[in-house]
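All values below were derived from every heavy atom in this structure, side-chain atoms included, with hydrogens, water molecules and symmetry-related copies excluded. Below, chains carry the letters A, B, ... as their sequence lines are ordered, and counting in each starts from 1. The structure presented is a predicted model; accordingly, all values stated were derived computationally and were not measured.
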Protein chains: 2
Amino acid sequence: MKGLGELERSIMDILWAHDGPLTAREVGRLMADRDLAPTTVMTVLDRLTRKGFLNRTRDGRAWRYEPGASRDAYVAELMLEALDMTGDRSAALTRFAQTVSGTEAEILRKALTELEEE
Amino acid sequence: MKGLGELERSIMDILWAHDGPLTAREVGRLMADRDLAPTTVMTVLDRLTRKGFLNRTRDGRAWRYEPGASRDAYVAELMLEALDMTGDRSAALTRFAQTVSGTEAEILRKALTELEEE
DNA sequence: CGGGTAGTACTACGTCGTGTAGAGGTGGGT
DNA sequence: ACCCACCTCTACACGACGTAGTACTACCCG
């Protein structure tokens, strides 16, 4: 895959947080605090599309963008990618399990248990 | 933290795979296939040290480099970092648990169980 | 004692990803 | 006929990284 830059991530965050596809203009409005040129937003949306993070469909002259995958899926994939970096996946996984907080260990346990039951 | 480049990662791999600190020259020799200039290796070792991935100690005129953390710790940290990217850690964790292979789920389960027992 | 050798520090340069944005084209509404 | 909203293309600066040269120093060999 590939990591995202800071602006790219902000924009993905907006699209992930929003149900339904948005136009560049709409995204820009939702990021009014950053005061970006409209073309900047368009450029980034375009790059994200090219990288496969977004899908776009026509809406009149405008494009509407929406995430190709959920943020959770993206995060999970990043985690797997990190995991791939090691020769010893088992050791890394164990290490990871030991590192997460108690609450999170609980969540993991529950998810794994449910998995098992299916 | 911060990701590593490709060369940087190769060098970390060598140091991670090796017990005990190595000099730049030794690292270079272990990467003979890439035929890098000695200074290249030194530069990268230096950058890695500055980034906090390596510690170095004097050995005569030379420096000896060794990882500040194990590869597993690094991988686990990367995974946690990915996890931090989301607002909903629980959802991402669940997603992650569902995504890993059966074998890996088993490893996770075991690690979590052992955790619990302590 | 003088030179090669190993090692260091410093500097440099090309490339790529990313943030940022302007210029110019085009189609629809008034 | 014109303006506006949008698009596409192109551009540029900056920082990270791969890669390496240069210059300086300390030591061993003969």
Side-chain angles (χ1 to χ4, degrees), chain A residues 1-16 20-67 74 77-78 81-82 85, chain B residues 1-16 20-67 74 77-78 81-82 85:
Chain A
M1 195 168 23
K2 196 62 184 90
L4 296 176
E6 190 274 325
L7 212 209
E8 292 175 330
R9 187 138 40 197
S10 302
I11 288 187
M12 285 307 293
D13 276 340
I14 287 186
L15 289 164
W16 272 323
L22 296 174
T23 64
R25 181 147 299 252
E26 287 163 348
V27 171
R29 260 195 263 286
L30 291 172
M31 310 213 354
D33 44 328
R34 293 191 60 150
D35 194 33
L36 295 168
T39 49
T40 300
V41 178
M42 288 184 195
T43 302
V44 176
L45 286 170
D46 210 55
R47 288 182 183 161
L48 286 169
T49 305
R50 216 164 311 185
K51 292 190 199 174
F53 288 98
L54 298 177
N55 296 318
R56 64 183 197 179
T57 45
R58 280 287 181 193
D59 177 9
R61 278 150 292 153
W63 291 104
R64 291 202 161 269
Y65 295 85
E66 99 190 297
Y74 171 60
E77 192 159 341
L78 274 189
E81 209 170 282
M85 267 194 33
Chain B
M1 197 167 24
K2 196 60 183 94
L4 296 176
E6 190 275 325
L7 213 210
E8 293 176 329
R9 187 136 42 198
S10 301
I11 287 187
M12 286 306 293
D13 275 341
I14 287 187
L15 289 165
W16 272 322
L22 296 175
T23 64
R25 181 148 297 253
E26 287 164 347
V27 172
R29 260 195 263 285
L30 290 172
M31 309 212 355
D33 44 328
R34 295 190 58 148
D35 194 33
L36 295 167
T39 50
T40 300
V41 178
M42 287 183 195
T43 301
V44 175
L45 286 170
D46 210 56
R47 287 185 185 157
L48 287 169
T49 305
R50 215 165 309 185
K51 291 189 199 174
F53 287 99
L54 297 177
N55 297 319
R56 66 182 194 177
T57 46
R58 278 289 180 189
D59 176 10
R61 278 151 291 153
W63 290 106
R64 290 202 162 269
Y65 296 84
E66 98 190 299
Y74 172 60
E77 193 160 339
L78 272 189
E81 210 170 280
M85 267 193 32

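- Put simply, CD on Glu8(B) is 17 Å from P on dC16(C), counting in whole angstrom units.
- At least one donor-acceptor pair under 3.5 Å links the side chain of Glu8(B) to the backbone N or O of Gly5(B).
- When rounded to the nearest whole Å, the span between CE of Met42(B) and P of dT22(D) equals 15 Å.
- Atom CZ in Arg50(A) sits about 10 Å away from atom C1' in dT8(D), given to the nearest Å.
- Atom CH2 in Trp63(A) sits roughly 15 Å away from atom P in dG27(C) (whole-Å rounding).
- For Arg58(B) and dT25(D), the CZ to P distance is 14 Å, given to the nearest whole Å.
- Judged by distance alone, with hydrogens and angles left aside, the side-chain atoms of Arg58(A) form a donor-acceptor pair with the main-chain N or O of Arg61(A) at under 3.5 Å.
- Atom P of nucleotide dA5(D) and atom CD of Glu26(A) are separated by 14 Å, given to the nearest angstrom.
- Side-chain to base pairing of Arg47(A) with dT20(C): one donor and one acceptor N or O lie within less than 3.5 Å of each other.
- Distance CZ (Phe53(A)) to C1' (dT18(C)): 13 Å, rounded to an integer number of Å.
- Closest of all the heavy-atom pairs between Thr23(B) and Ala62(B) is CG2-CB, 4.3 Å.
- Both Ala37(A) and Tyr65(B) lie close to DNA chain C; mapped to their nearest nucleotides by heavy-atom distance, the more 5′-ward contact belongs to Tyr65(B).
- Using a 4.0 Å cut-off, no side-chain N or O of Thr40(B) falls inside it from OP1 or OP2 of dG18(D).
- Nearest to the side-chain atoms of Val44(A) among the listed nucleotides dG18(D), dG7(C), dT20(C) stands dT20(C).
- Nearest approach of Leu54(B) to Met12(B), heavy atoms of both residues: CD2-SD, 3.6 Å.
- Put simply, Arg56(A) has a side-chain N or O that comes within less than 4.0 Å of OP1 or OP2 on dT8(D).
- Using a 4.0 Å cut-off, some side-chain N or O of Arg25(A) falls inside it from OP1 or OP2 of dC6(D).
- Between dC7(D), dA6(C), dG18(D), one nucleotide has an atom nearer to the side chain of Arg61(B) than all others, and that is dA6(C).
- Contact between the side-chain N/O atoms of Lys51(B) and the OP1/OP2 oxygens of dA16(D) is not found at any separation under 4.0 Å.
- Judged purely by atom type and a 3.5 angstrom limit, Arg64(B) has no side-chain atom pairing as donor or acceptor with the backbone of Asp59(B).
- For Thr43(B) against dA20(D), a side-chain-to-base donor-acceptor contact under 3.5 Å is present.
- If you take CD1 of Ile11(A) and C1' of dA21(C), they are 13 Å apart, rounded to a whole angstrom.
- Residue contacts for Gly28(A): at a heavy-atom cut-off of 4.0 Å it reaches no nucleic acid atom on any strand shown.
- Side-chain proximity of Glu6(A) to the nucleotides dG19(C), dC7(D), dT8(C) is greatest for dG19(C).
- At the phosphate of dG19(C), neither OP1 nor OP2 sits under 4.0 Å from any side-chain N or O atom of Arg34(A).
- Checked for salt-bridge contact, Asp46(B) and Arg50(B) meet the test: a charged N lies under 4.0 Å from a carboxylate O.
- Among dA20(D), dT8(C), dA23(C), the nucleotide with an atom closest to any side-chain atom of Thr39(A) is dA23(C).
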